[in-house]
Colleague: 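Quick one: the structure is below, and I'll ask about it shortly.
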Amino acid sequence: MMKKTIAILLAMLLILTAVPFTGAFAAEDKGAPSEFAANAALYVHAVSDSADTQAWQEWQSVHDEDFVVDKPNEKYFFLPSSTAENVIDVYNGYDEAVTLNGVTVAAHTTQAVAYEPNAVYPVTVCGESYTLKIMRSNAEAAIYINNPDADSKGTDLMTYLNEDKSLSAKATGAIVTPDGAIDNTAIKKIKGRGNTSWDKPKKGYNITYDKKVSIAGMEKNKKYSILPNYQDDSLSRNRILYDLSDAVGLPYASDSRYVDFYVNGFYWGSYLMCEKIEPGSLVPEVDDKGYLNDDGTVKEDFPFIVEIDASASDDDYWVSAGGMKLTIKAPEIDPGKPGYDEVKAYVRTKFEAFYDATSPTGKLSEVADIDSVAKLYLINELGKNWDSGVSSTFFTYKQEENGVFKFFGSPVWDYDNTLGNAVGIAWDLRSMKVTDYEEYTGWWCRYKGIANGGKRSANTIARISQNAEIKASLPRIWFENFMPALRHFSGEQYNKEIDSELYTREHYMTLVGDSAAMNYESGWLLNTGSWIADHSGLNKAHYNAASKKMIVEPTETSYEQTFEDMFRYACDWMEGRCAWLSEQFAPDYVPSPLLGDVDRDGSISILDATCIQRHLASLPIPAALDETIADTDEDGLVSITDATYIQRWLANLESNDRIGQPIG
C-alpha cells in the first residue's frame, strides 16, 4: 500500500515538473482554433471557456477597399456580442510567449485575458511591437465560416468564391448568439449572390446549411442570404423595410438579423442575415414539385413565384411577359426535365393576364389580391425604390382560402438603395421628368419606366399605382396599416396592434450601433461612391393629423459623416416621406369602423362596453348597434362576454388583441 501511494505521488510530481506553470491553460483544455488558423498570430474566441474550434478571429489590421493594409502593426480584435464584457479567451499562435494586458500567454496555448472595450494594448512578440485595439459588437448573432482549401489546391475560401459568382464550396463553421450558444452545423454550400452588388468589394453570399438552423430566433431554415449592405451607410434600410412589410401584413416578408461575419478567422464586417426567398420555407405554399400530378403530367393549375428581373440571362429560368423578363424562382426546372416548356407557357399566360389587369380600368381583383399588391406598391413608393418594377420585384401565384388562384404582391426584397440613399441615373430621371428623386416629397413609382415624355409606363408597379381598384384602397391601407406601424417605429407611441418584429428606431440602433462601429473601423467606407445621395442636411417633417398637413421644420438639420448620423438621416427621411404621403392620402381617407367601437366615436373606451350592456338590456344607445363591431370575441353573437372583452382589453388583461383594429 505504501509503495502504491509513493508511486502516485511521484507520478503527480513528474506531471507538475514536466509542464512549467504559466497560468495559461493548454489549448486542448480550453480550446484552440482549427486548421484554418495556421498563421502565427493572436486569436480570440467568441465565447469564454469553450472547446469550440470554429468561432475564432485572427487579429487583423485596417484595410482599404482593395484589402491593402497600410499599418500592419496596428491590430484589432473585432469581438461578437457573445464575448463577455471584460474577459476574452486568447490563443497564442506564435512559437514564443506573448504578454497581453499583464497576462502571459504561452506559445500555442489559450488564456483568459481581461480587457476593456475600445481600449488599446501594447503587444511585443518575436521582436515586433504592435498595438491591439479590442472592439465589441452588439449584433444579434455572429456567423463563422471556415474552409482554408476551397478548391483542393490550397485556395482560401473567400479568394476562391470572389473570383466568380458561379463558384461554390462546402465549409465548417459556427453560429453564435449573444447568450454564448454555439451551433456548429456544417455549411453544405456557400456561393456569391447579387447582380450589380456582386461587383462591389464587400460582397453578399447565399448559404445552405446541412440541416435547418435558427439564426438568433429566426424560424429554422437551411438556406439564408447574407447581405453586405455595402451601399447603405445605415446598414439598416433592408432590415427596416422588411420588418415594416411584416408589420403591415405583407405575406412572406423575409425575417432578418444583424450579424458579424467571419471567414477563416477574418472579420468581414457587419452583415444582414436573411431568410432566402425560397419555395417550401419562406413561401411554404410553393415547392419545386407542386406543378406535377402523381403520374408526372403537369397540373392544370399550380402555384409559382416570379421575379421581374431585367438582368435575367440564359443561366436563369425565365420567360418574357408584359414586355419584361420574369425569372421563375419556383418551380425551377432544368432544361429537358418534365414540364420545362409547359411551366414557362403557363407562367407567361397567367402573368400576361395579371399585367393586362393592372391597367387603369382593369379588374385587378379578379386575378390578384388587392391588399397585398397595394402594400407592395406602397413599400416601393415609401422608399422611392430605384429598382421598383425593374428587378427584385416578386409576385407569388397561389390559391386563396376559397381555392381560387391569384397573384400576391410578395416577397419583398432588396431595398438598400431606398429611403433617400441613391441619386439614380440622371438620363433616366430626365426621361421620366422627375426632378425630386432624392427628396422625400413627390410621387415616384407612377413615373418609373416612362420614357421620352410618354403618358403610360410599361413598369408593372407603375401600372399598379394607377389601377382604379388599387387607388381606391390606398388611403385606407396607408392610414390603417402603415401609419400605426410607422408611428411605432418613430417612437411616437407604443401601439399594441403591432404584432411583428418591427422595432423603434432607437432599438434598431441598439442592435447595430457597435457592430457598425467595427464595420467602418475595419476599413469599409460610409460613402461608397457617386451613386449615393448627399446626406449632409435635411428639413425634417412630420404629419399633423388635425390639419391633415405635412409640417416641415424651417431649419435644416445637419448630419455628420458618421454611422450614427447616417442611420439618423435614413430614419428622418422616412418619417418625412410618411408625412408627405399622409398629406396626399388624407383627403380620400374614410376610416373603417374599429372592432369594439360600439358608440362609433373613433376610440375604444368603457362607454363601448356600457353600450353593449345597455343594448342587451334593451336600453337606448348613442348609435344603432352594428353586430360586427360589437362582437369583440368574434364568436358570431353579441353577449355580455363582448363587454367583458372590452373591459379586459382596456385593463391590459388577456382579451382579443384585434379590439381597436379596423374592420374590413
Colleague: Using modelled atom types only, decide if a donor and an acceptor are shared between the side chain of N459 and the backbone of G449 within a distance under 3.5 Å.
Modeller: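 Between the backbone of G449 and the side chain of N459 there is no qualifying donor-acceptor contact (under 3.5 Å).
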Colleague: Please check if any side-chain donor atom of S372 sits under 3.5 Å from a side-chain acceptor atom of D369, or the reverse.
Modeller: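 There is such a pair (donor and acceptor under 3.5 Å, judged by atom type) between the side chains of S372 and D369.
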Colleague: Where the side chain of R237 meets the backbone of T418, is there a donor-acceptor pair that is under 3.5 Å apart?
Modeller: yes
Colleague: Backbone N or O of I470 within a donor-acceptor pair of the N467 side chain at under 3.5 Å?
Modeller: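 Yes, N467 side chain to I470 backbone: donor-acceptor pair under 3.5 Å.
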Colleague: Between E521 and K133, does any side-chain N to carboxylate O distance fall below 4.0 Å?
Modeller: yes
Colleague: Please check if any side-chain donor atom of N380 sits under 3.5 Å from a side-chain acceptor atom of K448, or the reverse.
Modeller: no
Colleague: Show, in sequence, the C-alpha distance, side-chain angles and deciding distance for D232 and N238, and conclude whether the side-chain contact (heavy atoms from CB on, under 4.5 Å) test is met.
Modeller: CA-CA 9 Å; D232 175 11; N238 277 315; 5.8 Å; no
Colleague: Would you sort out whether K384 and E439 count as a salt bridge (Lys or Arg N to Asp or Glu O under 4.0 Å), showing the intermediate values?
Modeller: CA-CA 9 Å; K384 282 194 167 181; E439 309 300 325; over 6 Å; no
Colleague: What do you reckon, are the aromatic ring centroids of Y559 and H535 less than 6.0 Å apart?
Modeller: no
Colleague: Mind checking whether W443 and L581 have side chains closer than 4.5 Å, heavy atoms only?
Modeller: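 Sidechains of L581 and W443: in contact.
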Colleague: For the ring pair F67 and W268, is the centre-to-centre distance below 6.0 Å?
Modeller: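 That pair passes the under 6.0 Å test.
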Colleague: Would you kindly say whether S225 and N206 are connected by a side-chain donor-acceptor distance under 3.5 Å?
Modeller: yes
Colleague: Would you say E278 and N221 are linked by a side-chain donor-acceptor pair, where the criterion is simply a distance under 3.5 Å?
Modeller: no
Colleague: Between E381 and R577, is the salt bridge (Lys or Arg N to Asp or Glu O under 4.0 Å) condition met? List the steps.
Modeller: CA-CA 9 Å; E381 188 68 79; R577 182 70 173 156; 2.7 Å; yes
Colleague: Could you tell me whether the side chains of S137 and D514 share a donor-acceptor contact shorter than 3.5 Å?
Modeller: no
Colleague: Does the pair R463 and D356 meet the rule for a salt bridge (Lys or Arg N to Asp or Glu O under 4.0 Å), with working shown?
Modeller: CA-CA 9 Å; R463 289 171 61 91; D356 290 343; 5.1 Å; no
Colleague: Below 6.0 angstrom between ring centroids: does that apply to W580 and Y543?
Modeller: no
Colleague: For the residue pair F304 and F407, is the inter-centroid distance of their aromatic rings smaller than 6.0 Å?
Modeller: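 Between F304 and F407, the centre distance is under 6.0 Å.
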Colleague: Take E65 and Y230 through the test side-chain contact (heavy atoms from CB on, under 4.5 Å) and record every step on the way to the result.
Modeller: CA-CA 11 Å; E65 297 274 282; Y230 172 75; 2.3 Å; yes
Colleague: Are the aromatic rings of F354 and F395 close, with centres under 6.0 Å apart?
Modeller: yes
Colleague: Given side chains that start at C-beta, do those of M518 and Y267 come closer than 4.5 Å, heavy atoms only?
Modeller: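 Yes, side chains in contact.
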Colleague: Could you check E140 against R239 for salt bridge (Lys or Arg N to Asp or Glu O under 4.0 Å), going step by step and ending with a plain yes or no?
Modeller: CA-CA 13 Å; E140 294 155 287; R239 174 69 180 271; 2.9 Å; yes
Colleague: Any non-hydrogen side-chain atom of F261 less than 4.5 Å from a side-chain atom of I145?
Modeller: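 In short, these two side chains touch, coming nearer than 4.5 Å.
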Colleague: Under 6.0 Å between the ring centres of W524 and Y520?
Modeller: no
Colleague: Over 60° means perpendicular and under 30° means parallel, so classify the ring planes of Y144 and Y262, tilted if in between.
Modeller: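 Parallel, since the angle between the ring planes stays under 30°.
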Colleague: Could you tell me whether the side chain of S592 reaches within less than 4.5 Å of the side chain of E480, counting heavy atoms only?
Modeller: yes
Colleague: Quick one about D414 and S392 (side-chain donor to acceptor, distance below 3.5 Å, no hydrogens or angles considered), yes or no?
Modeller: yes
Colleague: Take Y252 and S245 through the test side chain to side chain donor-acceptor pair (under 3.5 Å) and record every step on the way to the result.
Modeller: CA-CA 9 Å; Y252 321 126; S245 298; over 6 Å; no
Colleague: Could you tell me whether a side-chain N or O of N138 sits under 3.5 Å from a main-chain N or O of T510, the two making a donor and an acceptor?
Modeller: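 Checking the backbone N and O of T510 against the side chain of N138, a donor-acceptor pair under 3.5 Å is found.
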Colleague: Are a donor atom and an acceptor atom from the side chains of D243 and Y508 found within less than 3.5 Å of each other?
Modeller: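 D243 vs Y508: donor-acceptor pair found between side chains.
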Colleague: Are the side chains of Q231 and N417 in touch, meaning some heavy atoms are under 4.5 Å apart?
Modeller: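 Of all side-chain heavy-atom pairs linking N417 with Q231, at least one is under 4.5 Å.
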Colleague: Under a 3.5 Å distance rule, please check whether S359 uses its side chain to pair with a backbone N or O of A357 as donor and acceptor.
Modeller: no
Colleague: Do you see a donor-acceptor pair shorter than 3.5 Å between the side chains of E307 and T393?
Modeller: no
Colleague: Salt bridge between R487 and E575, side-chain N to carboxylate O under 4.0 Å?
Modeller: no
Colleague: If we count only N and O atoms by modelled type, under 3.5 Å, do the side chains of S61 and E74 hold a donor and an acceptor together?
Modeller: no
Colleague: Any non-hydrogen side-chain atom of I477 less than 4.5 Å from a side-chain atom of F585?
Modeller: no
Colleague: With no hydrogens and no angle check, is any side-chain donor or acceptor of T396 less than 3.5 Å from a backbone partner on S410?
Modeller: yes
Colleague: Are W478 and Y589 close enough that their ring centres sit under 6.0 Å apart?
Modeller: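 Ring-ring flag for W478/Y589: false, centres at least 6.0 Å apart.
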Colleague: Would you call K329 and D316 a salt bridge, taking side-chain N to carboxylate O under 4.0 Å as the test?
Modeller: no
Colleague: Indicate whether the side chain of Y205 and that of N162 have a donor and an acceptor atom separated by less than 3.5 Å.
Modeller: yes
Colleague: Where the side chain of S214 meets the backbone of M218, is there a donor-acceptor pair that is under 3.5 Å apart?
Modeller: yes
